[in-house]
Peer 1: 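The following block contains the structure, expressed as structure tokens.
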There are 2 protein chains.
Amino acid sequence: MSRNRNNNLMRGRPWTSQRRLLLELLRDAEGHIDAKELYRRASARDESISPATVYRSLNLFKELGLVDEIRLGKVRCYYEISGLPEHQHLVCYACGKVIEFDNPLVGRLIKAVQRAHNFNVTKAELYLEGYCPECEEKEKTRSA
Amino acid sequence: MSRNRNNNLMRGRPWTSQRRLLLELLRDAEGHIDAKELYRRASARDESISPATVYRSLNLFKELGLVDEIRLGKVRCYYEISGLPEHQHLVCYACGKVIEFDNPLVGRLIKAVQRAHNFNVTKAELYLEGYCPECEEKEKTRSA
DNA sequence: TTAAGTGCAAAGGCTTTGCAGCATA
DNA sequence: TATGCTGCAAAGCCTTTGCACTTAA
């Protein structure tokens with residue numbers, strides 16, 4: 001069963017040990033992880049794996065719709081398994097903390113834009129940046 | 001007056017010819033422009049300007065809040081003058097076309113998140129990706 | 001068996017940095 | 001005059017690519 005499922009996932013492409021490992025790590029990551037960190041974790045389990053394979057696999061996974069690419073904060077690129085419950089990102093400009101949130105307005109917004117521009121929207125990413133309560137407090141203290 | 005205004009913009013930092021040129025080009029760009037393109041346009045007017053200056057200036061402008069950094073499509077980084085009317089981006093995955101739109105729901109969404117997480121939100125970016133009407137049509141034709 | 005994937009190392013882009021000279025304030 | 005900016009060139013990062021070897025199907 002797992003075999004069939006993975007064949008489907010890969011749409012006929014070879015199901016290699018590297019791909020299995022990378023997909024497993026992406027699943028375990030629960031949230032976003034960047035290519036560098038993914039390579040680091042993969043190396044820990046298979047020390048011969050190369051960065052090239054990580055990048056090639058991520059591009060393949062993206063193409064197959066297995067992962068979504070997300071850009072957060074300082075132009076870093078993160079990946080996460082597709083099909084996780086939709087969520088959006090709120091990033092603290094000062095400390096870099098990332099909060100994932102979800103709000104029903106996002107869905108309504110997507111539908112509205114979809115209708116207005118006749119676009120077939122396949123991906124939505126809302127990125128909010130600002131200061132978290134703690135950093136906001138520090139900021140105030142410092143300027144006072 | 002222009003002198004005072006620019007001194008304020010720069011918060012005491014020197015108002016150099018390069019910075020003046022770059023800010024002028026950013027203003028003329030009307031929308032987003034990436035560092036590479038900005039360098040190209042700057043070179044046309046001052047052939048001795050260096051990429052290093054462009055990057056250094058963009059970082060400074062960002063720091064001073066004069067421009068916003070925006071990530072679109074294939075992890076490219078764009079800049080635009082702050083304070084333009086807020087707008088969001090809709091990108092066609094197939095042809096790369098970028099549509100800027102605006103929707104009042106965005107404002108409501110920001111306020112809701114702001115309240116829910118007690119964040120001082122300073123920037124909001126909504127990125128929608130999908131297929132524009134033309135590419136959607138081609139896609140259908142091809143698979144039929 | 002054979003098409004496809006992998007590791008390695010090198011090349012490519014974009015961005016940052018060190019340094020000596022130059023310009024703004 | 002004295003910070004601070006600039007150009008240049010080199011270094012740094014991250015990502016992609018060419019090639020010979022290996023592996024899944």
Side-chain angles (χ1 to χ4, degrees), chain A residues 2-25 32-64 66-67 69-79, chain B residues 2-25 32-64 66-67 69-79:
Chain A
S2 152
R3 204 184 168 91
N4 278 329
R5 234 186 95 229
N6 289 325
N7 274 338
N8 283 343
L9 282 183
M10 286 295 141
R11 305 219 191 130
R13 287 185 175 78
W15 181 238
T16 68
S17 62
Q18 292 88 343
R19 288 174 184 174
R20 190 183 320 129
L21 171 59
L22 292 171
L23 221 37
E24 195 182 319
L25 290 173
H32 38 264
I33 178 174
D34 65 5
K36 212 170 133 196
E37 174 61 21
L38 182 58
Y39 169 64
R40 204 174 298 128
R41 296 190 195 176
S43 296
R45 303 231 330 238
D46 169 5
E47 62 180 22
S48 75
I49 201 169
S50 80
T53 296
V54 173
Y55 284 105
R56 279 190 283 231
S57 299
L58 281 173
N59 283 332
L60 175 65
F61 296 163
K62 233 191 317 179
E63 221 179 288
L64 296 177
L66 299 179
V67 300
E69 194 179 77
I70 296 173
R71 290 165 288 290
L72 288 183
K74 323 276 171 197
V75 200
R76 300 189 65 185
C77 206
Y78 293 86
Y79 299 86
Chain B
S2 153
R3 202 184 168 91
N4 277 331
R5 234 185 96 230
N6 290 325
N7 274 338
N8 283 343
L9 282 182
M10 286 295 141
R11 305 220 191 130
R13 287 185 176 77
W15 181 237
T16 67
S17 62
Q18 292 88 344
R19 288 174 183 175
R20 189 183 319 128
L21 171 59
L22 292 171
L23 220 39
E24 195 182 319
L25 289 172
H32 38 264
I33 177 173
D34 65 6
K36 211 171 133 195
E37 175 60 20
L38 181 58
Y39 170 64
R40 205 174 297 128
R41 296 189 195 176
S43 296
R45 303 228 333 236
D46 170 5
E47 60 179 24
S48 76
I49 201 169
S50 80
T53 297
V54 172
Y55 284 105
R56 278 190 283 230
S57 299
L58 281 174
N59 283 332
L60 175 66
F61 296 163
K62 235 191 316 177
E63 219 179 290
L64 297 176
L66 298 178
V67 301
E69 194 178 76
I70 297 172
R71 290 164 288 290
L72 288 182
K74 323 276 172 198
V75 201
R76 299 188 65 185
C77 206
Y78 293 87
Y79 298 87

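We name chains A, B, ... by the order of the sequence lines, and we start the count at 1 in each one. This is a predicted model, so every value here is computed, not measured.
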Peer 1: In whole angstrom, give the distance that lies between atom CG of Asp46(B) and atom P of dG7(D).
Peer 2: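 Nearest whole value for this atom pair: 7 Å.
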Peer 1: Rounded to whole angstroms, how far apart are OH on Tyr39(A) and C1' on dC8(C)?
Peer 2: 11 Å
Peer 1: Mind listing the closest non-hydrogen atom pair of Leu25(B) and Arg41(B) along with its distance?
Peer 2: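 In this case the closest contact between Leu25(B) and Arg41(B) is CD1-C, 3.8 Å.
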Peer 1: Could you check if a side-chain atom of Arg56(B) sits within less than 4.5 angstrom of a side-chain atom of Phe61(B), using non-hydrogen atoms only?
Peer 2: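 When only atoms from C-beta onward are counted, Phe61(B) and Arg56(B) do not touch, as no gap falls below 4.5 Å.
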Peer 1: For dG5(C), take OP1 and OP2 only and decide whether either is under 4.0 Å from a side-chain N or O of Ser57(A).
Peer 2: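 Answer is no, no contact under 4.0 Å.
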Peer 1: Using atom CG of Leu58(A) as one end and atom C1' of dT16(D) as the other, report the distance to the nearest whole Å.
Peer 2: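 Distance, rounded to whole Å: 13 Å.
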Peer 1: From the set dC8(C), dC5(D), dA24(D), return the single nucleotide nearest to any side-chain atom of Thr16(A).
Peer 2: dA24(D)
Peer 1: Provide, to the nearest angstrom, the distance between the CG atom belonging to Asn59(A) and the C1' atom belonging to dC14(D).
Peer 2: 13 Å
Peer 1: Please report the distance, rounded to the nearest Å, between CD1 in Ile33(B) and P in dC14(C).
Peer 2: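 Nearest whole value for this atom pair: 14 Å.
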Peer 1: Can you see which heavy atom on Leu21(B) is nearest to which on Ala42(B), and at what distance?
Peer 2: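 Reported closest heavy-atom pair: CD2-O, 3.9 Å.
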Peer 1: Looking at every non-hydrogen atom in both residues, tell me the closest pair between Glu37(A) and Asp34(A) and how far apart they are.
Peer 2: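 Residues Glu37(A) and Asp34(A), closest heavy atoms: N-OD1, 2.9 Å.
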Peer 1: Mark yes or no for a side-chain to base donor-acceptor pair under 3.5 Å between Arg56(B) and dG4(D), with no hydrogen or angle criteria applied.
Peer 2: no
Peer 1: Provide, to the nearest angstrom, the distance between the CD atom belonging to Gln18(B) and the P atom belonging to dT24(C).
Peer 2: 8 Å
Peer 1: Could you work out, with salt bridge (charged side-chain N to carboxylate O under 4.0 Å, His left out) as the rule, every residue matching Arg19(A), not counting sequence neighbours?
Peer 2: none
Peer 1: Provide, to the nearest angstrom, the distance between the NZ atom belonging to Lys36(B) and the P atom belonging to dC14(C).
Peer 2: 4 Å
Peer 1: Whole-Å distance between dG5(C) P and Leu22(A) CG?
Peer 2: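 Taking atom P of dG5(C) as the reference, CG of Leu22(A) is at 14 Å.
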Peer 1: Given dA25(D), dC8(D), dC8(C), identify the nucleotide with an atom nearest to the side chain of Trp15(A).
Peer 2: dA25(D)
Peer 1: For the side chain of Ser48(B), starting at C-beta, report the closest nucleotide among dT16(D), dG7(D), dC8(C).
Peer 2: dG7(D)
Peer 1: Both Ser17(A) and Pro51(B) contact DNA chain C. Taking the nearest nucleotide for each, which residue is further toward the 5' end?
Peer 2: Ser17(A)
Peer 1: Nearest-nucleotide wise, let me know which of Arg19(B) and Ala52(B) is further upstream toward the 5' end of DNA chain D.
Peer 2: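 Final value for this comparison: Arg19(B).
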